[in-house]
Structures are given as C-alpha cells and as structure tokens.
Enquirer: 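Questions regarding the structure given below will be posed in turn.
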Amino acid sequence: MNWVYIEDISNFKDQEVEIRGWVYNKRSSGKIRFLLVRDGTGILQGTIFSPKKDSPLFKQFDDLTQESSIIIRGRVREEKRAPGGHEINIEEINIVQIAQEYPITPKEHGIPFLMEHRHLWLRSQKQHAVLQIRTELVKAIRNFFDGRGFRLMDTPILTPSACEGTTTLFETKYFDQKAYLSQSGQLYNEATIGAFGKVYCFGPTFRAEKSKTRKHLIEFWMVEPEVAFATLDDTIELGEDLIIYIIERILEKNKNELKILERDTKLLERIKKPFPRITYDEAQKKLKEKGSKMEWGDDFGSPEETLMSNIYDIPVCVTHFPAKIKAFYMQPDSKRPDLVLGVDVLASEGYGELIGGGQRIHDLDLLEKKIKEHNLPRKAYEWYLDLRKYGSVPHSGFGLGIERTLSWICKIKHIRETIPFPRLLYRIYP
RNA sequence: UCCUCGGUAGCUCAAUCGGCAGAGCGGGUGGCUGUUAACCACCAUGUUGUAGGUUCGAGUCCUACCCGAGGAGCCA
C-alpha cells in the first residue's frame, strides 16, 4: 500500500493510501465516527461508517486516545465538509501505541504549563506553524548568501576569550584552560574575508546576560555576513536585500502557516527597499520630541525602540552612533570622530533590533589605541591585529538574529516560541 | 540584579466579611448517520506551592522561603 504524507493528499484522489501519524482529535455521532490524524505535514479527517454498532473498526476507534500513534488505510475523497477539503474513508486501523492521557488538551493552557511540556507543545498547530516558517527562514538565508557568492565559514563555538569584552560570557573548562561560549563569529570572519572575500557564518550564540524579556534568549542563532572592501552603505544595502528576500520567500512558501498564525500579511507585503535611514543625531532629536527622556549619548532603550517603530511602518536603519555606546572595533566617521559607522535595523511593529553591524576599523594604529582604551588584553587580540598588518582593507558586516526576525514575521508575542527548545533565564528544561 | 503580579482537581479558573473546596475541559459510562475545540445525560477526581504564626475556625490574614509570569537594564 501507498504510504503518503498528508501535504500531498490532493494528488491521491480516489486512491487507496496509507497514512502514518497521530490522533489529533476524534468525534462520534452514532453510526459515523470522525478521526483527525496528524502526520507532521498536515491534518486529515478520516471517517468510519458502519450500519452495525459492534463493528471491529468502531471498537478500535473507541480505544484510541489523543496522540495515539496509528497507521490507517483507506480511500481518499474530495469532501467539502472536511477540514482541508479532503477526507479518507478508513478501512483499516493499525494501532502502533495507545497514548496515555495527553496533558495538552484542545483547550487553553497557561505558559508555565506549556513551557514545562515544550517537548509535546511542539505538536500543537501554532507552534508547528512557527517552526515550519523557521526552517524556511533558514533556507532563505542560506540561499540568499550562497546565491551571491558568499562562502560559508563556520566559526568556533569554544573561544579563548571575549570577542567584545563587554557582555557576559558563559565560561567552561577547556582541559586545563578556560574557554568561553561564542557570542559572535564576527572577529573570526574578519580573518576569513582575507581568504575568501565575502563570507557568512550561521550558528548558535550564547549570552550569559540576566535578560528576562520577550525579546531575549540565552542561546540564539545568528547569521553574520562580512565583506572585504565593503563600506557602511554597502552593508546597509546588503541587510535590506536580505530582509526583503526573506519576507518575499516566506510570503510565497508559508501562506498556510501565516494563516494559522492569523498574521496580517499586508504589513509584510508593503516592505520595500530602501528602508528609511536616520542618523543617531536625528533619531535622538525626534525621540525627544515624542516624549522620550533619552539624552544624546544614551543608547536606545526598549521604549525608544517601540517609539521608533510607531513612527515607521517598515524597518528603519539608524546609523552613526556615538562611539562610546558601541563596540571597540567600529570605524569612526572621518567627519565626526565621536561617531562610528554603525547601523542598527529596527523592525516594524515593535519587534526591536533585527540587525546590528557596520564598518570595522582597518587601521592598525587606531585599532591598537581602541584596544588599549577598552582595557582589552592585547595578547588575546594579537591575531586580530595581524589582519591589519597584512593587506588590511576597509570591511563591513552585520549580524541578524534568527529568532527576532522570526517573531517579527510571525508576529509572535514572545521569542521563546521561535526555537524548538528555548534556553531562558531560569529555564533550561526540557 | 531591580520592580510588579501570581501559585486551589490532570488543565483553565471560581470560592462574597475568615465559616461545608466547585465549575468547564480532559478521563470513565451510556446515547446520537456529517462532526468541525461536536453535542446530550450520568460518574469519579484535592497534602489549596513549602514552613511557621494569629484565630473557636485559614484557600482567604501575618512572616519567611521556594517556584513561575510580566516588565526594566543589556543586547541580536
């Protein structure tokens, strides 16, 4: 018999097929029974029809519990009354396992309970839809960079010291030395561009910050392109192109998932290039007018990010930040040395920073000076300084947070639902 | 780390002034030939987060602790 997946069911009209999956729900009405089966690709309604009450199929149906694993066989029909428009007349049920009483019922549950059952919660429709979009998002990102000739460079997760020094790192043992979990692959990719020209890394990132908000994960995924000879403007344009490519791709491939999530796709459809650009100076002034207490020299707070996304209905690029609120490697603006050539791309609809990046310092003397100013251990950065000794070039890049981007596209309230097993402050189970 | 809120049946919640701990879902039993989180009838379900205190009497008041949620700072 023909084992098929539910997503392909419309190709098997009036044919005998086999479906392997789990009981999503069941209903009965006297001599007709309805079985909703889930197989990871969709949900299909099966019917059992019998004039006799003591039919063996009915007995099997009655034994089934929510999430029991089964293999069913029968003929596929088009059926307007069935959810999804297709239905299977069940002729045979093969019970793989009768599930114990399933904790997640088709009613409401609280967040603590669902988080405790994350391993099962993934089976629910909305969670399934978000993660389905996640796989498409990752594929889109890879296609985008591969299609533009970027080389994938996997940067190390175990690193000998702080990449940026400022944020908190997870410390671990490396035999008889200390090591830290990576919080960015950027510095390493500033080396690989010397070998490959344009590169990207895509991997997990760890931040031991005690952040407890809907925008933070302790472990998250980030894609970081880096391009030799690229300026700030080049990197902004690359970021815009990437975001637009992702959106177009998901709008095309994930119509069904976006519908399940009740996402208003009009807000995504109107995102076009170029994104509005605003300097830090202008942004600070504008925010002050709108009632923010932010002074020149302060970094954007959460209320400021929200204010910004109320002003614009597509993502906005903020550039030219005060040097003192940004990382040591950022290239100063030649006209205003107190500013750096950095960019933050803030999402629309209040989803915060999607991209952070900019142009890096390529001058050896300047970089040495900055390392000293930031009290960083010079020895750890010897290799990084080497890159400025042997054919140094202006170069730029950025990092885009996968989960932030996904929560924005799906309009999910909390970032914890955008990764199968979120690592959060105070939660590492399951 | 700080601020705010919460913890009662498997789940979601209710319980008036401190006075018998209860409803829906889920589970069980029966009914129904097109259900859409089906419906109808009946049945069972409790260390009220933990420890102590006040009181004739505590889910309710007090103290400490534990766990969780929302937010801030920091960031992608």
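Numbered from 1 within each chain, the chains take letters A, B, ... in sequence-line order.
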Enquirer: Would you tabulate the side-chain donor-acceptor contacts of residues 254-262 of chain A under 3.5 Å, counting partners in other chains and residues two or more places apart, or write 'none'?
Expert:
| unit_1 | atom_1 | unit_2 | atom_2 | d |
| --- | --- | --- | --- | --- |
| A/Asn254 | ND2 | A/Glu257 | OE1 | 3.4 |

Enquirer: Could you list the residues that satisfy salt bridge (charged side-chain N to carboxylate O under 4.0 Å, His left out) with A/Asp313, not counting sequence neighbours?
Expert: A/Arg270

Enquirer: For residues 13-35 of chain A, which residue pairs pass the ring pair (Phe, Tyr, Trp, His ring centres under 6.0 Å) check, not counting sequence neighbours?
Expert: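 Sorted pair list comes back empty.
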
Enquirer: Among residues 127-137 of chain A, which residues get a heavy atom nearer than 4.0 Å to RNA chain B?
Expert: none

Enquirer: Name all residues meeting the salt bridge (charged side-chain N to carboxylate O under 4.0 Å, His left out) criterion together with A/Lys324; count only those two or more places apart in sequence or in a different chain, and write none if there are none.
Expert: none

Enquirer: Going by side-chain hydrogen bond (donor to acceptor under 3.5 Å, both in side chains), name the pairs with one or both residues in residues 419-430 of chain A, residues two or more places apart or in two chains.
Expert: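 Residue pairs with at least one partner in residues 419-430 of chain A: A/Glu116-A/Arg427.
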
Enquirer: For a quick check of understanding: with a heavy-atom distance under 4.0 Å over all strands, which category does A/Gln45 fall into, base, sugar-phosphate or nothing?
Expert: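 Base contact.
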
Enquirer: So, under a plain 3.5 Å distance rule, would you say the side chain of A/Thr213 forms a donor-acceptor pair with the base of B/rC74?
Expert: no

Enquirer: Go through the structure and list residues passing salt bridge (charged side-chain N to carboxylate O under 4.0 Å, His left out) with A/Asp241, not counting sequence neighbours.
Expert: A/Arg148, A/Lys273

Enquirer: Using a 3.5 Å limit on both pairing distances, list the dot-bracket string of RNA chain B from the 5' end; Watson-Crick and G-U wobble pairs count, crossing pairs take [ ], interstrand pairs take |.
Expert: (((((((..((((.....[..)))).(((((.......))))).....(((((..]....))))))))))))....

Enquirer: Near RNA chain B, under 4.0 Å by heavy atom, which residues of residues 292-315 of chain A?
Expert: A/Asp299, A/Gly301, A/Ser302, A/Pro303, A/Glu305

Enquirer: If a pair satisfies salt bridge (Lys or Arg N to Asp or Glu O under 4.0 Å) and one of its residues is in residues 128-137 of chain A, list it, with sequence neighbours excluded.
Expert: A/Arg134-A/Glu403, A/Glu136-A/Lys139, A/Glu136-A/Arg249

Enquirer: Contact class for A/Gln100 vs. all strands (heavy atom < 4.0 Å): base, sugar-phosphate, or nothing?
Expert: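 The residue A/Gln100 makes no contact with any strand.
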
Enquirer: Going by salt bridge (charged side-chain N to carboxylate O under 4.0 Å, His left out), name the residues that satisfy it together with A/Arg263, two or more places apart in sequence or in a different chain.
Expert: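 Only A/Glu349 meet the salt bridge (charged side-chain N to carboxylate O under 4.0 Å, His left out) criterion with A/Arg263.
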
Enquirer: Confirm from the modelled atom types if A/Arg27 and B/rC32 form a donor-acceptor pair under 3.5 Å, side chain to base only.
Expert: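 For A/Arg27, whose side chain was compared with the base of B/rC32, there is no donor-acceptor pair (under 3.5 Å).
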
Enquirer: Mark yes or no for a side-chain to base donor-acceptor pair under 3.5 Å between A/Ser211 and B/rC75, with no hydrogen or angle criteria applied.
Expert: no

Enquirer: Look at the side-chain N and O atoms of A/Arg416 and state whether any lies under 4.0 Å from the OP1 or OP2 oxygen of B/rG68.
Expert: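 For B/rG68, neither OP1 nor OP2 has a side-chain N or O of A/Arg416 closer than 4.0 Å.
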
Enquirer: Which atom pairs link the protein and nucleotides 8-13 of chain B when you take only N or O atoms and keep those under 3.5 Å?
Expert:
| unit_1 | atom_1 | unit_2 | atom_2 | d |
| --- | --- | --- | --- | --- |
| B/rC11 | O2' | A/Glu108 | O | 3.3 |
| B/rC11 | O2' | A/His109 | ND1 | 2.4 |
| B/rU12 | OP1 | A/Gly110 | N | 2.9 |
| B/rU12 | O4' | A/Glu108 | O | 3.4 |

